[in-house]
Amino acid sequence: MSGADADAPPRSDDGAEAEQLRACREAARRRLRERVGAIVRAVRAPLADVLRDHALVHLPPAAAARLRLVHPSWARALASPLFAVAHAAAPRRLSGLFFCSSSSAGSSLSFLPLDAAADTVPSPPLAFLPSSSAPAVLSSSHGVACCFSAADDAYFVCNPATRSWQGVPCPPCRATTRQRPAVVIVFDAGVYNFAGDFALVCAFESAPGSGIYCFVVFTSVAGAWWVADAVAPAEGLLPASGVAAGGTAWWRTTIGTAVGYNPVSGQVHLAVCPGDSAQWEIGSAAGTLHCAVRAGGDVVVFRLDGHGGWEVAATVSVAEILQQRPWQPVFASHELTDSDDEEAEERAEQERTGAVVTAAASRFRMPRGDDDVRLLPFQGAEVEVVVLAGRRVVAFDTVARRRREAALPDQPAGGTDWGAAAFVAHTNTLALVSPVVLMEPPDDQETS
């Protein structure tokens, strides 16, 4: 290299690269300072502010309401619509089940909470609704329920936890031929649903006995019912089995299939029961359709994958759900004698070695069989199997292996058998219910 080249100033592109490198280093240092500052502020933040900003959203509505008096800032946070939206979007577990009981005095609506102390509704009969008789809860999604009053032929969308409600017009006449309409509410619990918009999907048979079902849809944005351009084979569709999962309304059928309709995409989905269709139930977990199937003494939970097939999500025995041992001896009442003491010692020795002799069967009786155990609908952030055994309603978390239990009231004389009653799974949230502005139906669907 010559002396002239050595004394020449650096090229302009080298200076630009050096300047860009210094800018990148300064930006990295600035981001590091911001992160450290955020950590310091979080560490120094008062515990009350941490609980207000991060813990209140996970509490049940009834428990959160009692904390309004802690501090004015807590009251303002709980009264904010943004907090209601975040509360509905937070992952939650099943709160309880709505059910109707009928007797000679009439029918009544009740709510069975699984956590009676903290996660119930202020008015289990939904007395705040302007209906002349007890309404029926048709379906529920993320704390918002669709109710129907047969006496008034009226539909309501409400939040039982906040007692807020909106009236909804009746579906077209052809869709209301059943005593219990097959209506599923689809509620978007995303953080961007600031208005609390919802959709109702009603399935109805195109012609009596045809087994072909059509769908009518109502949205709070449109304010009117419209007939969807879709049909599905759904022979024996069960109206009380409706559940919302992943933005799709689903029902079970008596032929062992599940039929779904998505009001946004307009697509129809079909899924075949992966086991005994006489003992299965569908539900929603983490926004995905699940089904629970009885397989002998076990309950197998399947998850619907993205290709319309099922994959095993969990397996649990009925004995574990009901907290029973596979062999749970109960002594028959009889007068003890010396020979009984000897036999008891011998029997204890045999049980310790894992042998149960046939002669001991006369002294023991097996616990109540699980043939009368019925699967109930479920919903929540995690898979939770819900069963009905007599008057016992047991919810079993398949991940934490924990159970919650509640007891149904005594069946009224001549009333509904709990084994045949309709149950609707419900999760309490502070979700907003969007006001409904009624609109005229499209011209081509006025006579539908």
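Fair warning: this is a prediction, and the values are worked out from it, not measured in the lab.
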Approximate separation, where rounding is to 0.5 Å, of [X] [atom1] and [Y] [atom2]:
{"X": "Leu375", "Y": "Trp280", "atom1": "CG", "atom2": "CH2", "value": "11.5 Å"}
{"X": "Gln267", "Y": "Asn262", "atom1": "CD", "atom2": "CG", "value": "7.0 Å"}
{"X": "Leu238", "Y": "Arg180", "atom1": "CG", "atom2": "CZ", "value": "11.0 Å"}
{"X": "Thr219", "Y": "Asp197", "atom1": "OG1", "atom2": "CG", "value": "8.0 Å"}
{"X": "Leu237", "Y": "Thr257", "atom1": "CG", "atom2": "OG1", "value": "8.0 Å"}
{"X": "Asn428", "Y": "His87", "atom1": "CG", "atom2": "NE2", "value": "8.5 Å"}

Qualifying residues under salt bridge (Lys or Arg N to Asp or Glu O under 4.0 Å), relative to Asp119, sequence neighbours excluded: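 Asp119 satisfies salt bridge (Lys or Arg N to Asp or Glu O under 4.0 Å) with no other residue.
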Is there side-chain contact between [X] and [Y], with at least one heavy-atom pair below 4.5 Å?
{"X": "Pro274", "Y": "Cys291", "answer": "yes"}
{"X": "Phe99", "Y": "Leu109", "answer": "no"}
{"X": "Val373", "Y": "Leu322", "answer": "yes"}
{"X": "Phe198", "Y": "Ser141", "answer": "no"}
{"X": "Leu129", "Y": "Ser149", "answer": "no"}
{"X": "Cys170", "Y": "Tyr155", "answer": "yes"}
{"X": "Phe111", "Y": "Pro160", "answer": "no"}
{"X": "Val259", "Y": "Tyr213", "answer": "no"}

So that I can tick it off, tell me whether [Y] and [X] are bridged by a salt bridge, with the cut-off set at under 4.0 angstrom between side-chain N and carboxylate O.
{"X": "Asp115", "Y": "Arg404", "answer": "yes"}
{"X": "Asp410", "Y": "Arg391", "answer": "yes"}
{"X": "Arg93", "Y": "Glu382", "answer": "no"}

Would you list the atom pairs, donor with acceptor, under 3.5 Å between side chains in residues 303-318 and any protein atom, with sequence neighbours excluded?
residue : atom : partner : partner atom : Å
Arg303  : NE   : Glu311  : OE2          : 3.0
Arg303  : NH2  : Glu311  : OE2          : 3.4
Asp305  : OD1  : His307  : N            : 3.0
Asp305  : OD1  : Gly308  : N            : 3.2
Asp305  : OD1  : Gly309  : N            : 2.7
Trp310  : NE1  : Val272  : O            : 2.7
Ser317  : OG   : Glu320  : N            : 3.1

Contact summary for [X] and [Y], nearest pair of heavy atoms:
{"X": "Ala88", "Y": "Thr429", "value": "CA-CB, 4.0 Å"}
{"X": "Val201", "Y": "Ala249", "value": "CB-CB, 3.9 Å"}
{"X": "Ser139", "Y": "Val184", "value": "OG-CA, 3.3 Å"}

So [X] and [Y], would you call those rings parallel, tilted or perpendicular, with 30° and 60° as cut-offs?
{"X": "His142", "Y": "Phe187", "answer": "tilted"}
{"X": "Phe423", "Y": "Trp418", "answer": "tilted"}
{"X": "Tyr261", "Y": "Phe215", "answer": "parallel"}
{"X": "Tyr192", "Y": "Phe194", "answer": "perpendicular"}

Just by modelled atom types, is the [Y] backbone N or O under 3.5 Å from a matching donor or acceptor in the [X] side chain?
{"X": "Arg68", "Y": "Trp74", "answer": "no"}
{"X": "Ser434", "Y": "Ser220", "answer": "no"}
{"X": "Trp250", "Y": "Ser284", "answer": "no"}
{"X": "Arg374", "Y": "Leu388", "answer": "no"}
{"X": "Thr120", "Y": "Pro113", "answer": "no"}

Check against side chain to side chain contact (heavy atoms under 4.5 Å, CB included), Leu126 and Cys147: CA-CA 9 Å; Leu126 304 185; Cys147 306; 3.6 Å; yes
Whether over 12 other heavy atoms sit under 6.0 Å from Arg401 CZ: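 Atom CZ in Arg401 is packed in, count exceeds 12.
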Crowding at CD, Glu235 (>12 non-hydrogen neighbours, <6.0 Å):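 At most 12 heavy atoms, drawn from other residues, nucleotides or ligands, come within 6.0 Å of this atom.
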Partner set under side-chain contact (heavy atoms from CB on, under 4.5 Å) for Ala86, not counting sequence neighbours: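 Per chain and number, Ala86 pairs via side-chain contact (heavy atoms from CB on, under 4.5 Å) with Val57.
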Verdict with reasoning, Ser140 to Phe98, per side chain to side chain contact (heavy atoms under 4.5 Å, CB included): CA-CA 9 Å; Ser140 173; Phe98 281 103; 5.8 Å; no
Candidate pair Thr398 and Glu384, rule side chain to side chain contact (heavy atoms under 4.5 Å, CB included), full reasoning: CA-CA 6 Å; Thr398 60; Glu384 198 169 21; over 6 Å; no
Phe128 and Cys158: CA distance, side-chain angles, deciding distance, side chain to side chain contact (heavy atoms under 4.5 Å, CB included) verdict: CA-CA 10 Å; Phe128 58 87; Cys158 68; 4.0 Å; yes
